[in-house]
Amino acid sequence: MLRLRLLTWDVKDTLLRLRQPVGQSYAAEARAQGLQVQPEALGRSFREVYGAQSRRFPNYGHGQGLSSRQWWLDVVKQSFRLSGVQDEAALTKLAEKLYRDYCSSHTWEVLPGAAETLGRCRQLGFRMGVVSNFDSRLEVILSRCNLRHHFEFVLTSEAAGFAKPDGRIFEQALRLGGARPEQAAHIGDDYSRDYRAARAAGMHSFLLRAAGHGDGPEVPPEHVLPTLSHLLARIEKE
């Protein structure tokens, strides 16, 4: 059995997921404001704009004079522009409303088994924290989804100044959690940013990979979690 003191957690698609695709939620808000935009077009535009913005201003523009809020407002506006909406007043209203909506538990849902697994880990005495490529809204989102109380700290890439897979964000997490690398394990759904990056920092790690989603690099079966409910059994077997 691993002698762990600290468990760190990714959030998006590990503990929380969006209730509906971005294109659908953007299109629904547009309809509420009297605009007709196809969800599929918005989804394609968002993916294109998000990718370009991430390359131009990595980690929400940290150190480049942008706030994460402005970063996201620009992404939303440009996604609608690419989908044919040119009214600047409407774009501003849409962007502000969607930025607020993505802080809401109406937008996010807790993945099956997440709350139960987190509660069990706390009962067993593990210290726990979040390590997530996310902006400053994450604390509020976790609180509204009734998960914040499980964690001693929430470390976002915006606050850390580094985004996974940069090992420095894990080093900060280890300091916050008061643990050495070999005393800590990270749980996430991304092979490069979670599983491999944590191991490169000297930590243990587990990859959440649902059955039927086995694409990607080979990972030892004992490090794979078909569901979060498998975590404690994996820790005991290591």
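Treat the numbers as computed from the prediction; the structure is a model and nothing was measured.
- Both L142 and Y60 are assigned to one and the same hydrophobic cluster, defined by single-linkage of ILVMFWY side chains at heavy-atom distances under 4.5 Å.
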Kindly determine whether Q33 and L94 satisfy side-chain contact (heavy atoms from CB on, under 4.5 Å), including the steps that lead there. CA-CA 8 Å; Q33 298 191 27; L94 281 166; 3.7 Å; yes

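- Counting heavy atoms of neighbouring residues, nucleotides and ligands inside a 6.0 Å radius, atom CD of E222 exceeds 12 of them.
- Here the OG1-CD distance, from T8 to Q172, works out to 13.0 Å after rounding to the nearest 0.5 Å.
- Under the 4.5 Å side-chain criterion, counting only non-hydrogen atoms from C-beta, D190 is not in contact with K164.
- Side-chain contact check for H186 and S205: no donor-acceptor pair (N or O, by modelled atom type) lies under 3.5 Å.
- Hydrophobic clustering (ILVMFWY, side-chain heavy atoms < 4.5 Å, transitive): F134 and V140 are in distinct clusters.
- Contact record, K77 with A95: CG-CB, 3.9 Å, taken as the closest heavy-atom pair.
- To the nearest 0.5 Å, atom CZ of residue R100 and atom CZ of residue R137 are 11.5 Å apart.
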Could you please spell out the steps behind the side-chain contact (heavy atoms from CB on, under 4.5 Å) verdict for R144 and C103? CA-CA 8 Å; R144 290 177 176 172; C103 260; 3.5 Å; yes

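- Listed by first and then second residue, the side-chain hydrogen bond (donor to acceptor under 3.5 Å, both in side chains) pairs involving residues 43-58 are S45-S83 (not counting sequence neighbours).
- Using a 4.5 Å cut-off on side-chain heavy atoms (C-beta onward), D87 and L91 make no contact.
- Within the 4.5 Å cutoff, the side chain of V154 has no heavy atoms near those of the V131 side chain.
- For the pair F126 and L232, the minimum side-chain heavy-atom distance is below 4.5 Å.
- With sequence neighbours left out, T14 forms a side-chain hydrogen bond (donor to acceptor under 3.5 Å, both in side chains) with D10, D189.
- Residues passing the side-chain hydrogen bond (donor to acceptor under 3.5 Å, both in side chains) test with E88, sequence neighbours excluded: R81.
- Seen from the ring of F151, R127 does not count as a face-on cation partner, given the 6.0 Å and 45° thresholds.
- L231 and Y191 fall into different hydrophobic clusters, where Ile, Leu, Val, Met, Phe, Trp and Tyr are joined by side-chain heavy atoms under 4.5 Å apart, directly or via other members.
- Among pairs with a residue in residues 217-238, those fulfilling ring pair (Phe, Tyr, Trp, His ring centres under 6.0 Å) read Y195-H223, at least two apart in sequence or across chains.
- Across all non-hydrogen atoms, the minimal contact from L18 to V22 is CD1-CG2, 4.0 Å.
- Taking each heavy atom of S79 and F46 in turn, the nearest pair found is OG-CA, 3.4 Å.
- With a 4.5 Å cut-off on side-chain heavy atoms, L15 and L111 do not count as touching.
- You'll find the side chain of R180 stays beyond 4.5 Å of the side chain of R5, heavy atoms only.
- Residues L208 and V219 fall into different hydrophobic clusters, defined by Ile, Leu, Val, Met, Phe, Trp and Tyr side chains chained together at heavy-atom separations under 4.5 Å.
- With hydrogens and angles disregarded, no donor-acceptor distance shorter than 3.5 Å links the side chain of S157 to the backbone of N59.
- Rounded to the nearest 0.5 angstrom, E116 CD and C121 SG are separated by 11.5 Å.
- The heavy-atom pair separating A30 from F80 by the smallest distance is CB-CE2, 3.8 Å.
- When side chains are defined from C-beta on, R3 does not count as touching Q183, because their heavy atoms never get closer than 4.5 Å.
- The line from CG of L4 to CE of M203 is 9.0 Å long, rounded to the nearest 0.5 Å.
- Here the side chains of I141 and Y102 are not in contact, with every heavy-atom distance at 4.5 Å or above.
- Evaluated for a side-chain contact (heavy atoms from CB on, under 4.5 Å) with M128, the options L6, I187, L118 yield exactly one hit, L118.
- In this structure, L207 CG and R199 CZ are separated by 10.0 Å, a value rounded to the nearest 0.5 Å.
- Tracing side-chain contacts under 4.5 Å through hydrophobic residues (I, L, V, M, F, W, Y), one never reaches I169 starting from V130; they form parts of separate clusters.
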So L16 and C145, side-chain contact (heavy atoms from CB on, under 4.5 Å) or not? Walk me through it. CA-CA 9 Å; L16 297 176; C145 293; 3.9 Å; yes

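- In plain terms, the two heavy atoms of L155 and A173 that are nearest each other are CD2-N, 3.7 Å.
- Taking the charged nitrogens against the carboxylate oxygens, R17 and E109 do have a contact shorter than 4.0 Å, which makes a salt bridge.
- Partners of F206 under the ring pair (Phe, Tyr, Trp, His ring centres under 6.0 Å) rule, at least two apart in sequence or in another chain, do not exist in this structure.
- More than 12 heavy-atom neighbours from other residues, nucleotides or ligands sit within 6.0 angstrom of CD on Q64.
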Residue pair V11, L138: steps toward the side-chain contact (heavy atoms from CB on, under 4.5 Å) verdict: CA-CA 9 Å; V11 174; L138 187 55; 4.0 Å; yes

Which side-chain N or O atoms in residues 65-76 pair as donor and acceptor under 3.5 Å with protein atoms at least two apart or in another chain?
residue, atom, partner, partner atom, Å
S67, OG, Q70, N, 3.0
S68, OG, E158, OE1, 3.0
S68, OG, E158, OE2, 3.1
R69, NH2, E96, OE1, 2.6
R69, NH2, E96, OE2, 2.8
Q70, NE2, D74, OD1, 2.7
W71, NE1, F57, O, 2.9
W72, NE1, D135, OD2, 2.8

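- In this structure, CG in N133 is found 11.5 Å from NZ in K12, a value given to the nearest 0.5 Å.
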